[in-house]
Amino acid sequence: QVQLVESGGGLVQAGGSLRLSCAASGRTFSRYTMGWFRQVPGKEREFVAAKSWSGAATVYTDSVKGRFTISRDNAKNTVYLQMNSLKPEDTAVYYCAAGLYRRTYSSAGEYDYWGQGTQVTVSS
């Protein structure tokens, strides 16, 4: 069992930055592909970014490429999402997710554990 706790969300003006963190419980963090998803009311959960369990693969959805950076620190059992040049359309609840040894990244069904989410609001 893995528990994920996100933090770092908040209200920011367009063009600003936020860094989300996701802390994982347990001693097997390095075995998990870690992903970030986001969701707005009435829409499906959307893939944002993922870092493979080995660290060799990093994937982003097109709309955040060049603005967001995902990273992981296995010593701290934590994955981060640095979000720069934020836009109002980035407003959503952001969730981190963990998938054991996953090699595909953009489907929510590939992930085994989810955090509770953190709200990001970007004002225009």
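For Thr91 against Val40, the heavy-atom pair with the smallest separation is O-CG1, 3.1 Å. Of all non-hydrogen atoms in Met34 and Cys22, the two that sit nearest each other are CE-SG, 4.4 Å. The nearest pair of heavy atoms linking Ser123 to Leu11 is CB-CD1, 4.4 Å. Of all non-hydrogen atoms in Ala24 and Val2, the two that sit nearest each other are CB-CG1, 4.2 Å. Residues Val79 and Phe29 share a closest heavy-atom pair of N-CZ, 4.1 Å. Lys51 approaches Ile70 most closely through the heavy-atom pair N-CD1, 3.6 Å.
Shown here is Gln3, whose CD atom has no more than 12 heavy atoms of other residues, nucleotides or ligands within 6.0 Å.
Taken together through direct or relayed side-chain contacts under 4.5 Å among Ile, Leu, Val, Met, Phe, Trp and Tyr, Val59 and Val48 form parts of separate hydrophobic clusters. Under the 4.5 Å side-chain contact rule for hydrophobic residues, Phe37 and Val122 do not share a cluster. Grouping the Ile, Leu, Val, Met, Phe, Trp and Tyr side chains by contacts below 4.5 angstrom, directly or via other members, places Phe47 with Val93.
With rounding to the nearest 0.5 angstrom, the CZ atom of Arg27 is 12.0 Å from the OG atom of Ser30. Taking CH2 from Trp53 and OH from Tyr32, the interatomic distance works out to 13.0 Å, rounded to the nearest 0.5 Å. Distance check: Thr118 OG1 to Leu81 CG gives 11.0 Å after rounding to the nearest 0.5 Å. Here the straight-line distance linking atom OG of Ser124 with atom CD of Gln13 works out to 9.5 Å at 0.5 Å rounding. Note that CG of Asp90 is 11.0 Å distant from OG1 of Thr121, once rounded to the nearest 0.5 Å. Taking CE of Met83 as the start and OG1 of Thr69 as the end, the distance is 11.0 Å to the nearest 0.5 Å.
Test Trp114, Tyr94, Trp36 against Glu6 for side chain to side chain contact (heavy atoms under 4.5 Å, CB included) and you get one pass: Trp36.
Sequence neighbours left out, not one pair with a member in residues 58-88 passes ring pair (Phe, Tyr, Trp, His ring centres under 6.0 Å). Every pair passing side chain to side chain donor-acceptor pair (under 3.5 Å) that includes a residue from residues 15-24 is listed here, sequence neighbours excluded: Ser17-Asn84. Residue pairs meeting the side chain to side chain donor-acceptor pair (under 3.5 Å) criterion with at least one member in residues 96-109, sequence neighbours excluded: Arg102-Asp112, Thr104-Glu110.
At distances below 3.5 Å, at least one donor-acceptor pair connects side-chain atoms of Arg72 with backbone N or O atoms of Ser52.
Qualifying side chain to side chain donor-acceptor pair (under 3.5 Å) partners for Tyr95, counting only residues two or more places apart in sequence or in other chains: none. Residues meeting the salt bridge (Lys or Arg N to Asp or Glu O under 4.0 Å) test with Lys43, sequence neighbours left out: none. Applying the side-chain contact (heavy atoms from CB on, under 4.5 Å) criterion to Ser63, with sequence neighbours excluded, gives Arg38, Glu46, Thr61.
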(request) Check the pair Asp62 / Lys65 against salt bridge (Lys or Arg N to Asp or Glu O under 4.0 Å), numbers first and verdict last. (result) CA-CA 5 Å; Asp62 286 346; Lys65 285 180 181 177; 3.0 Å; yes

